[in-house]
Participant: 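Mind looking over this structure? Questions follow.
In this chain, residues are counted from 1 in sequence order.
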Amino acid sequence: MDFDSASKHLELTTGGQTSPKTASLASNGPAAESLRTSFQRLASLIHDESRAPAPHICLSFAASSQIYVTVARLASSSHHEGIVREAVAVFGALIDSEEDDFLGSATFAKALMSFVGEVTNSGTVVVGIQTQGDIVELLFGIAAKIRLQPEMLPVWFTPSAHSELDVKPVVQKTDSQLIDHVHHEGSIGDFARTGLLYVFESASSSEDLEEWLVGSDLPTLMASGLGALYSQLSRKLSLLQPPAEKPLILSLSDESTVAPSPDAESFFSGVFLAHMDTFLSYLTFWQDVLEHCKSIDVKQTLVDHFQVLFLQQILYPSLLESSDVDGGSAVAVLTYPRRILESLGHPDLIHMILRYLLALPDPLISRPPLMPRSPTADRQRSSLLLSTEPVNENDKLNPALFNLVDFILNSAQSRNPQTVTAALRLASVILYKNHNYAVSTLVRVTKVLAEGPQRTVGALDAETEVYLSLAGALGGDDDLDEVYGNHLKDVSDLVESHPCSGRILTIDDAPIDSSRSGHIFKNGPGNVIAHFLSLDDPFLRSLLSLLETFLTNNIETNLALTEAFVNLASCAQVRLEGWLAVDPKKYKFIDSSDGDALPTKGTGLEMDQDGFESDEQEQLQRLYKARRKTSWSVQENPLVLGILQLLQRELDTIRVDVPSLDELVAARKNVLKLGEQVGEVLKSDALSIPLRSGRKPADAPSDPASAPTQKQPPSNMTPKSTPAKSPNGSRSRPSPTKPARGHRRGGSMTLHQPKGSPAPSILTHENSATSPTRSDFNARSFSPLSLTGITRGNVYRPPSSDADSLAEVLKRRIRVPARAGGLRGTSEDLSAGREGGAREVSLSHVLTNAVLLQEFVLEIVAVLQVRASLFEEVRFM
């Protein structure tokens with residue numbers, strides 16, 4: 001059937017009427033089906049001819065006869081979804097043909113948008129999700145072509161002569177249809193978001209469109225939609241993992257006995273994750289809009305609505321209304337800003353969020369805007385502020401009275417471990433990803449006014465030796481060299497990618513792009529300068545207080561705590577003296593020689609001095625002095641080192657009551673290694689052979705008697721593609737046990753195929769055993785009793801008959817008394833106030849924390865070494 005006969009068939013089907021009565025089609029099924037078939041044939045003919053060589057007679061006939069007007073009227077009044085869908089196909093075929101300039105025809109634009117508006121807004125016909133997707137895809141195609149051909153914009157957008165805001169409904173209907181679907185998942189949401197982005201991008205090509213976008217309700221709809229999606233998130237949240245999915249490291253601790261709050265939604269539930277993904281995808285859409293929009297007025301209007309309707313009306317009030325005693329609302333309010341900051345990368349949105357929540361000065365008030373606003377933008381802003389102004393001035397919310405820092409500090413001292421963990425994770429994101437906002441808000445600092453004595457390489461060796469000996473005393477010397485090498489690589493990546501490292505590591509002649517072209521806020525926090533941490537800083541005191549109770553802390557709290565310390569130390573501008581490293585002014589050199597003569601014994605610099613010039617001898621003398629070993633008094637210990645030594649003494653006290661403590665710690669490390677090996681193998685198998693739903697992997701050996709003979713999987717069973725990680729796991733954490741980019745620590749011990757260290761190790765231990773790591777462990781949980789006897793080499797191996805007694809030993813309650821006072825007045829019994837005096841946990845819990853503590857000490861050594869190498873913090877001469 002040719003195009004002419006198809007159009008005649010269309011006339012015969014409708015009896016020559018362009019607007020058939022609804023009742024006639026509703027009661028005449030054959031007629032409706034015949035009309036649908038006619039539309040289908042028209043679309044097929046248009047598609048076929050578009051792919052054929054010219055001339056395109058059918059398309060010319062369609063343009064001259066304006067058959068699309070007939071199609072639009074018939075479909076919009078048919079109230080039949082099948083006919084509507086085929087009509088959409090006809091319009092799509094005409095647009096894709098790129099012939100006869102259909103998109104440049106005002107008649108075509110009016111017919112199409114009248115049809116879309118009638119179908120979607122009349123309510124007389126219910127269209128399914130597939131038809132809605134077809135309509136959104138059609139509108140996306142129009143927006144994409146307008147973006148490529150801005151000269152067509154006047155056809156689709158024409159201001160009325162009566163009012164500057166009374167516009168032709170084409171763009172308005174397009175925007176309303178697209179924004180109704182931007183939150184959808186799948187292709188319909190992708191088409192809607194991208195199409196709306198193209199509309200905003202086209203605003204720079206038309207002052208009329210720009211003014212309409214500023215004065216329309218589109219910014220209000222976008223901000224309100226974001227607030228509605230945030231309100232769908234659970235008010236109370238639990239970070240406890242389901243028992244069937246609990247990582248091994250948590251199964252071997254006291255967390256396995258903790259019951260979640262009955263009215264708190266699990267972070268890992270499918271419903272919550274779906275709501276969170278939808279909210280974050282819409283937030284990312286906001287970010288993309290600001291990135292693509294070139295109009296300053298439009299962007300300022302969007303940011304104003306974001307602040308007033310989302311930050312001030314939704315996000316900040318939820319922070320004030322949260323409570324730590326109602327079973328999870330504080331956890332939720334701490335988790336949601338963290339996920340927001342992890343997801344965002346646009347400077348304007350980040351600045352708006354942190355400026356408001358941290359109560360920083362408003363740049364729009366403290367200085368003139370980038371450029372004067374248009375009258376429409378001024379009216380829109382004034383109307384927005386007036387509509388949200390509270391009747392009573394006392395009801396106005398003011399972050400200056402209680403801001404995000406206050407909330408984090410209060411939550412870090414909570415008795416609820418989940419609240420503490422959520423607070424530390426949020427602080428870590430701000431410290432690492434947005435460090436310029438953390439300085440002088442989250443952490444109190446003092447500027448480095450004058451550089452003091454520089455640490456020498458001999459002093460660095462002395463400090464690292466102290467930390468390394470402490471690591472060996474905490475968890476044994478097995479595999480320390482391999483573990484340290486992996487930490488070194490992980491910390492190197494972390495420090496190099498820190499936002500503050502770029503200016504220091506950039507080559508001197510390389511240009512540095514410090515501009516904020518296209519961004520609204522030109523005067524956000526500048527580059528961070530060198531600074532010391534105030535030792536009485538409340539946040540640092542909270543970290544130190546939690547470190548004092550490390551052995552009895554919640555496992556995930558300790559993971560978040562060590563992450564916060566490492567993220568704080570990874571900034572190139574933060575000086576470590578006083579809290580992580582010894583102040584060079586406090587060094588006492590072991591060799592008190594005045595340096596008049598070169599060393600002759602035991603220094604590595606023995607040589608005949610007669611063959612050197614005086615300047616060469618002076619250089620050798622400086623080299624020798626830099627290599628001298630140092631010491632310091634106990635009173636000059638860094639705060640972290642002092643607490644670590646207290647924790648070592650606590651372990652020594654426990655060792656008196658549990659003589660086999662060292663063997664049990666070594667066994668715990670091997671249990672975690674084996675568990676990760678099993679997890680990696682299962683993960684590899686799952687990628688190659690999907691398991692049926694409900695099928696469980698092979699069980700680990702459950703007989704404690706057979707456990708000691710369990711061998712490590714051969715090397716060919718370990719995934720070769722597994723990247724080397726430190727015992728702190730990956731750098732991306734989308735879950736509470738695995739925060740997102742910028743925080744490479746996971747929520748469990750993991751195993752990887754170790755690689756060589758990027759720098760010569762300062763350790764003397766050498767063996768090839770794989771090392772434990774801390775990363776997310778997604779395999780099924782194992783019974784703590786089924787793996788307690790898994791050992792290797794000379795590690796403690798309980799006989800089979802002692803399995804029950806070993807289980808009882810691991811369940812034994814360990815009581816750690818509260819200390820009489822804080823460390824040099826820095827923590828001042830904060831830990832005792834939080835824990836209520838003495839703490840009591842199981843021996844199994846202490847073993848896991850001892851392993852984590854050793855990992856943390858090795859991380860500190862890696863941080864010291866990496867910073868010394870990258871930032872030249874150590875003097876070699």
Side-chain angles (χ1 to χ4, degrees), residues 230-241 258 260-261 263-269 272-273 275-276 279-280 283 310-311 314-344 350 353-354 356-359 399 402-434 437-438 441-443 538-539 542-543 545-546 553-561 563-564 567-568 733-740 742-743 745 747 834:
Y230 181 84
S231 299
Q232 287 184 352
L233 300 176
S234 177
R235 182 178 178 272
K236 297 181 181 181
L237 197 62
S238 171
L239 302 183
L240 296 177
Q241 300 199 28
V258 178
S261 175
D263 54 347
E265 185 173 6
S266 173
F267 183 92
F268 304 93
S269 68
F272 173 80
L273 292 178
H275 287 163
M276 176 59 75
F279 169 73
L280 293 179
L283 189 66
F310 177 65
L311 289 181
I314 303 294
L315 186 59
Y316 182 67
S318 69
L319 184 148
L320 295 178
E321 295 169 1
S322 66
S323 172
D324 189 37
V325 298
D326 63 355
S329 63
V331 176
V333 175
L334 289 165
T335 300
Y336 299 155
R338 173 177 66 85
R339 298 292 287 121
I340 290 173
L341 293 175
E342 287 174 346
S343 302
L344 289 179
I350 293 176
I353 293 172
L354 292 179
Y356 184 77
L357 295 182
L358 297 177
F402 184 80
N403 58 38
L404 187 60
V405 172
D406 301 322
F407 189 44
I408 291 176
L409 293 177
N410 291 342
S411 300
Q413 300 179 24
S414 169
R415 294 178 180 271
N416 184 353
Q418 293 187 62
T419 303
V420 178
T421 302
L424 293 177
R425 286 172 177 165
L426 174 58
S428 291
V429 172
I430 300 175
L431 285 172
Y432 186 84
K433 190 177 179 182
N434 311 110
Y437 290 90
T441 56
L442 183 59
V443 290
F539 180 70
S542 296
L543 295 183
S545 173
L546 288 168
N553 285 347
N554 176 279
I555 299 297
E556 292 190 273
T557 299
N558 281 340
L559 291 169
L561 173 64
E563 177 185 13
N567 284 343
L568 185 59
R733 300 193 307 176
S735 70
T737 58
K738 192 183 177 191
H743 314 277
R745 314 168 67 81
R834 181 181 62 254

Participant: Out of curiosity, Met276 CE to Leu237 CG, how far, rounded to the nearest 0.5 Å?
Facilitator: 7.5 Å
Participant: To the nearest 0.5 Å, how far apart are OG1 in Thr421 and CG in Leu426?
Facilitator: 12.5 Å
Participant: Any heavy-atom pair between the side chains of Val420 and Asn554 that's under 4.5 Å?
Facilitator: no
Participant: Go through it in stages, so that I can follow the logic: the residues are Ile353 and Ile340, the test is side-chain contact (heavy atoms from CB on, under 4.5 Å), and I'd like the CA-CA distance, side-chain angles, deciding distance and then a yes or no.
Facilitator: CA-CA 9 Å; Ile353 293 172; Ile340 290 173; 3.7 Å; yes
Participant: Just by distance, with hydrogens left out, do Ser266 and Ser238 show a side-chain donor and acceptor under 3.5 Å apart?
Facilitator: no
Participant: Within the distance-only criterion (no hydrogens, no angle test), does the side chain of Asn434 pair as donor or acceptor with the backbone N or O of Tyr437 below 3.5 angstrom?
Facilitator: no
Participant: Could you report the tightest heavy-atom contact between Leu334 and Ala423, atom names first, then the distance?
Facilitator: CD1-N, 3.7 Å
Participant: Measure the CD-OH distance between Glu563 and Tyr432 for me, rounded to the nearest 0.5 Å.
Facilitator: 10.5 Å
Participant: How far does CD of Gln418 sit from CZ of Phe267, to the nearest 0.5 angstrom?
Facilitator: 11.5 Å
Participant: Within the distance-only criterion (no hydrogens, no angle test), does the side chain of Asn410 pair as donor or acceptor with the backbone N or O of Phe407 below 3.5 angstrom?
Facilitator: no
Participant: Hey, what do you get for CG (Leu546) to CG (Asn558), rounding to the nearest 0.5 Å?
Facilitator: 8.5 Å
Participant: Does the side chain of Ser318 come under 3.5 Å of the side chain of Tyr336 through a donor N or O and an acceptor N or O?
Facilitator: no
Participant: How far apart are the closest heavy atoms of Glu321 and Arg235, and which atoms are they?
Facilitator: O-NH2, 3.5 Å
Participant: In the structure I gave you, are the side-chain heavy atoms of Leu543 and Leu424 within less than 4.5 Å of one another anywhere?
Facilitator: yes
Participant: For the residue pair Leu344 and Lys433, what are the closest heavy atoms and their distance?
Facilitator: O-NZ, 2.6 Å
Participant: Quick one: closest heavy-atom pair of Pro417 and Thr557, and the distance?
Facilitator: O-OG1, 3.4 Å
Participant: Provide the closest heavy-atom pair for Glu556 versus Leu239 in the form atom of the first, atom of the second, distance.
Facilitator: OE1-O, 4.1 Å
Participant: Under 4.5 Å between any side-chain heavy atoms of Thr441 and Leu404, yes or no?
Facilitator: no
Participant: With heavy-atom distances below 4.5 Å as the criterion, would you say the side chains of Leu431 and Val443 are in contact?
Facilitator: yes
Participant: May I ask you to decide if Asp324's main-chain N or O and Asn416's side chain share a donor-acceptor pair within less than 3.5 Å?
Facilitator: no
Participant: Donor-acceptor check, side chain of Ser411 to backbone of Ile408, threshold 3.5 angstrom: yes or no?
Facilitator: no
Participant: Considering all heavy atoms of both residues, which atom of Ser542 and which atom of Gln413 are nearest to each other, and what is their separation?
Facilitator: OG-NE2, 3.8 Å
Participant: Working note: Leu319 + Phe402, criterion side-chain contact (heavy atoms from CB on, under 4.5 Å); need CA distance, chi angles, decisive distance, verdict.
Facilitator: CA-CA 10 Å; Leu319 184 148; Phe402 184 80; 3.5 Å; yes
Participant: Within the distance-only criterion (no hydrogens, no angle test), does the side chain of Glu265 pair as donor or acceptor with the backbone N or O of Phe272 below 3.5 angstrom?
Facilitator: yes
